[in-house]
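To keep things clear, I will list the structure first and then write my remarks on it.
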Amino acid sequence: MTTATMAGVEAASRLYRAGRLAEAIDACRAVLAAEPGRFDALNLLGAALFSVGQDSAAREALCDAVRIAPGHATALTNLCVVLQHRREWHAAERALRTLMAVQPESAAVCSRLGTVSQETGDLDASARFLLRAARLDPGPSVQWHNLGLIRMLAGDMAAASQDLRRAVAIAPDGAVAQVQLGETLLRLGRVEEAAGVFSRALRLDPTAADAANGLTRCARYRAIGSAAPVSGSVSGSGLAVRGAFTSATGYGRFCQRFIRTLRRRAVPLQAIGIFGPESWEEDLGPPAPAKALVNFLIPLAVERVPGLATVTFTMFEGTRIPPAWRRQSEHSDLIIVPSESSRVAWAAQGFPEDRLRVCPLGVDPEDSAADGPVPTLVDPRGRRVSSYRHRFLNVSDFIPRKNIDGLLRVWLRGTASTDDAVLILKLGNGKNPAFGAELGDLVRRTEAAVGKRMADAAPVVLINQLLSDADMTGLMRAANHYWSMSHGEGWDLPLSKAGAMGLSLIAPRHSAYVDYLDDRVARLIPSAVRPARLPYSERAYPPFHGLDWWDPDEDAAADILTAIIRSGGTDHPSARGHLVEGFSWSRAADRLLAILDDAGLR
């Protein structure tokens with residue numbers, strides 16, 4: 001180390017501390033030009049580059065610094081900050097584990113590891129790291145608050161309530177922790193305690209909407225609890241249900257269908273929204289004399305009411321449910337799922353099979369004859385979609401489970417630009433500001449993987465906006481084939497609706513599909529069980545951390561597409577009669593009522 005380079009690093013450090021970042025960067029680079037392996041200059045350069053928003057260059061400089069000095073805490077810390085900012089969670093986890101070996105008593109490092117483990121989907125590891133952070137530095141309420149939130153996500157509501165109580169005891173003026181504690185208490189069925197906590201939160205912050213919503217649910221739970229039939233009564237009773245019935249999610253849609261069907265049957269029914277005060281298009285009436293609260297929700301969102309049995313109508317899209325779902329499912333007297341694959345997923349995680357029931361969902365055959373407008377769609381070449389002989393449709397959330405990358409790979413491999421075919425791809429609801437960039441990146445990676453450009457395949461028409469039920473029906477009427485490459489489905493309402501409307505169906509032979517499709521009524525794609533991974537990565541898809549789903553055979557799928565398109569005909573197996581006759585919402589409601597009756601819950 002020469003005197004000149006030492007003076008250069010000291011000068012760069014002074015510039016950095018003074019906020020003269022561009023000059024500090026130049027000074028660091030001058031030092032490195034003279035002495036390329038200078039660790040302190042690389043570390044300072046990385047910090048300065050990150051401060052001016054040059055994340056990629058900062059990452060490179062800090063990685064070089066850590067390679068030269070693997071155990072240097074400051075360089076490791078700086079690298080971890082950059083990796084977290086870039087959302088490189090697995091690389092950040094490796095760096096943080098190295099840093100924890102250097103600083104084993106650092107609460108900050110443990111806390112960061114907890115955050116990163118949450119992002120990778122390892123909730124149990126996240127809870128362990130956050131618990132260690134809280135034990136190392138128990139004073140700040142945020143340590144216990146963060147731990148409580150993770151334990152809620154991990155399905156350990158009892159431990160979460162203890163952590164949140166400790167956070168509240170340390171910082172009693174914080175309304176946010178009070179609200180989270182109230183939410184946890186409702187999941188434990190402690191309605192009166194929760195009401196007191198929500199009331200305190202509102203006194204601290206009168207604008208806290210979550211606290212007001214929580215109080216509304218508490219009032220409704222008291223009402224349905226007081227209206228419950230007298231113990232030992234043999235008379236029939238109504239139903240209390242809770243769900244996201246105002247949302248456009250799959251859960252919201254099938255909750256709406258059940259409510260409408262039960263209302264037509266004149267079943268006394270009290271509906272409570274997921275937040276509490278939601279209104280819907282129907283008069284949902286006064287409290288019904290219910291014996292059970294039926295939650296049309298994922299297990300982690302289920303709340304319990306004293307004096308009423310807890311029933312959860314839910315589903316899962318993999319071969320085994322997450323451990324967090326297993327823990328929270330334990331509080332349900334019955335788990336009702338729509339398919340055998342979901343029943344197996346609960347049983348595979350050790351849930352008692354005598355508390356599992358299967359109730360298939362329905363389809364919407366009335367929409368198949370609806371007089372709704374068919375949208376006028378034009379492909380990227382200016383040709384009307386309606387002029388194509390083969391019009392394929394896929395409706396999906398833009399998430400890895402839907403396997404949009406696999407869908408596009410098969411489309412590239414199985415079609416040519418001269419084919420009389422078009423793919424209508426309805427993705428997401430237009431609310432993700434990063435959608436365009438993320439889809440563009442996926443398309444580029446897919447073109448590279450296949451070695452073919454999208455322009456050399458049959459055209460794709462992209463739709464990215466929220467559609468009403470009528471608009472969705474019109475979109476389906478614009479197609480004559482519905483095609484899924486999903487890695488797993490709890491039911492797939494869009495596909496079943498498309499089949500009921502007469503579209504030919506192409507779907508993987510796995511999960512819920514095999515409950516209502518077979519080779520007589522659909523073209524089924526062979527599939528194999530594989531670990532749930534992110535597209536073009538060996539990394540786990542965080543919601544499915546440590547779990548498996550299904551990979552449809554892309555060779556077989558491409559052969560199916562090619563056979564349909566090149567045959568020139570329009571003959572295809574139809575699932576319409578099979579679905580309309582065998583899977584009505586009336587039949588689904590009958591099955592639900594029978595399950596509750598057999599269990600003595602109605």
### Distance-minimising heavy-atom pair for Leu202 and Ala211
CG-CB, 3.8 Å

### Task
Take Cys218 and Leu186 through the test side chain to side chain contact (heavy atoms under 4.5 Å, CB included) and record every step on the way to the result.
CA-CA 8 Å; Cys218 290; Leu186 284 182; 3.8 Å; yes

### Task
Flag the pair Phe583 / His578 as yes when their ring centroid distance falls below 6.0 Å, and as no otherwise.
yes

### Query
Are the side chain of Asn403 and the backbone N or O of Met485 linked by a donor-acceptor pair below 3.5 Å?
yes

### Task
Calculate, to the nearest 0.5 Å, the distance between atoms NE2 and CD belonging to His331 and Glu303 respectively.
13.0 Å

### Task
Find the distance between CD1 (Ile404) and CG (Asn394) and round it off to the nearest 0.5 Å.
5.0 Å

## Note on the structure
The single option from Leu239, Ile224, Val241 that satisfies side-chain contact (heavy atoms from CB on, under 4.5 Å) with Leu293 is Ile224

### Query
Any idea how Phe435 and Phe398 line up, ring-wise: parallel (<30°), tilted (30 to 60°), or perpendicular (>60°)?
perpendicular

### Task
Step by step, work out the salt bridge (Lys or Arg N to Asp or Glu O under 4.0 Å) result for Glu581 and Arg587.
CA-CA 9 Å; Glu581 294 169 12; Arg587 181 170 292 191; over 6 Å; no

### Task
Begin with the C-alpha distance, continue with both residues' side-chain angles, and end with the deciding distance and a verdict on side chain to side chain contact (heavy atoms under 4.5 Å, CB included) for Arg265 and Asp590.
CA-CA 10 Å; Arg265 300 283 190 83; Asp590 284 343; 2.6 Å; yes

### Query
Should we say atom CZ of Arg355 is surrounded by more than 12 heavy atoms from elsewhere, each under 6.0 Å from it?
yes

### Query
Any idea which heavy atoms bring Leu308 and Ala290 closest together, and the distance?
CG-O, 4.0 Å

### Query
Quick one: are Leu297 and Ile274 in side-chain contact, heavy atoms under 4.5 Å?
yes

### Query
Going by the angle between their ring planes, with limits at 30° and 60°, are Tyr516 and Trp491 parallel, tilted or perpendicular?
tilted

### Task
Determine, step by step, whether Asp519 and Arg509 satisfy the salt bridge (Lys or Arg N to Asp or Glu O under 4.0 Å) criterion, reporting the C-alpha distance in whole Å, the side-chain angles of both residues, the deciding distance to 0.1 Å, and the verdict.
CA-CA 10 Å; Asp519 293 313; Arg509 192 188 299 273; 2.8 Å; yes

## Note on the structure
Nearest heavy-atom approach of Leu300 to Ala324 is CD2-O, 3.8 Å

### Task
Look up atom CG in Leu592 and atom CD1 in Ile595, then write down how far apart they are to the nearest 0.5 Å.
6.5 Å

### Message
Below 30° counts as parallel, above 60° as perpendicular, anything between as tilted: where do the rings of Phe313 and Phe254 land?
### Response
tilted

### Task
Taking all non-hydrogen atoms of both residues into account, name the closest pair between Arg591 and Cys359 and its distance.
CG-SG, 3.6 Å

### Query
Do the ring planes of Trp346 and Phe316 sit parallel (below 30°), tilted (30 to 60°) or perpendicular (above 60°)?
perpendicular

### Message
Within the structure provided, determine whether Met157 and Leu188 are in side-chain contact (heavy-atom separation under 4.5 Å).
### Response
yes

## Note on the structure
So CG of Leu427 and CG of Asp397: to nearest 0.5 Å the spacing works out to 9.0 Å

### Message
Looking only at side-chain N and O atoms, does Asp122 offer a donor or acceptor that is under 3.5 Å from a partner on Thr120?
### Response
no

### Query
Can you name the nearest heavy-atom pair linking Ser511 to Ser341, along with the distance?
C-OG, 3.3 Å

### Message
For the CZ atom of Arg257 and the CZ atom of Phe245, what is their distance to the nearest 0.5 Å?
### Response
14.5 Å

### Message
Let's go through Asp156 and Arg327 carefully: what are the C-alpha distance in whole Å and the side-chain angles of both, what is the deciding distance for salt bridge (Lys or Arg N to Asp or Glu O under 4.0 Å) to 0.1 Å, and is it a yes or a no?
### Response
CA-CA 7 Å; Asp156 191 349; Arg327 294 183 189 110; 5.9 Å; no

### Query
Between the side chains of Glu489 and Ser486, does any donor sit under 3.5 Å from an acceptor?
yes

### Message
If we count only N and O atoms by modelled type, under 3.5 Å, do the side chains of Ser468 and Asp471 hold a donor and an acceptor together?
### Response
yes

### For Tyr251, all residues meeting side chain to side chain donor-acceptor pair (under 3.5 Å), sequence neighbours excluded
Thr314

### Query
Just how far is it from atom CG of Leu505 to atom CG of Leu524, taken to the nearest 0.5 Å?
9.0 Å

### Query
Would you say the side-chain atoms of Arg263 pair up with the backbone N or O of Pro268, donor to acceptor, closer than 3.5 Å?
no

### Full working for side chain to side chain contact (heavy atoms under 4.5 Å, CB included) between Arg530 and Asp548
CA-CA 5 Å; Arg530 297 280 189 274; Asp548 295 331; over 6 Å; no

### Message
Please tell me whether Ser117 and Ser126 have a donor and an acceptor in their side chains that are separated by less than 3.5 angstrom.
### Response
no

### Query
If you measure only the distance, is there a donor-acceptor pair under 3.5 Å linking the side chains of His481 and Arg391?
no

### Message
Checking Tyr513 against Ser484: is there a side-chain donor and acceptor pair closer than 3.5 Å?
### Response
yes

#### Entry: Gly428 backbone acceptor or donor facing Lys426 side chain under 3.5 Å
yes

### Task
Show your reasoning for whether side chain to side chain contact (heavy atoms under 4.5 Å, CB included) applies to Asn295 and Thr310.
CA-CA 8 Å; Asn295 293 267; Thr310 301; 4.0 Å; yes

### Task
Return the minimal non-hydrogen interatomic distance between Leu503 and Met476, and the atom names on each side.
CD1-O, 3.5 Å

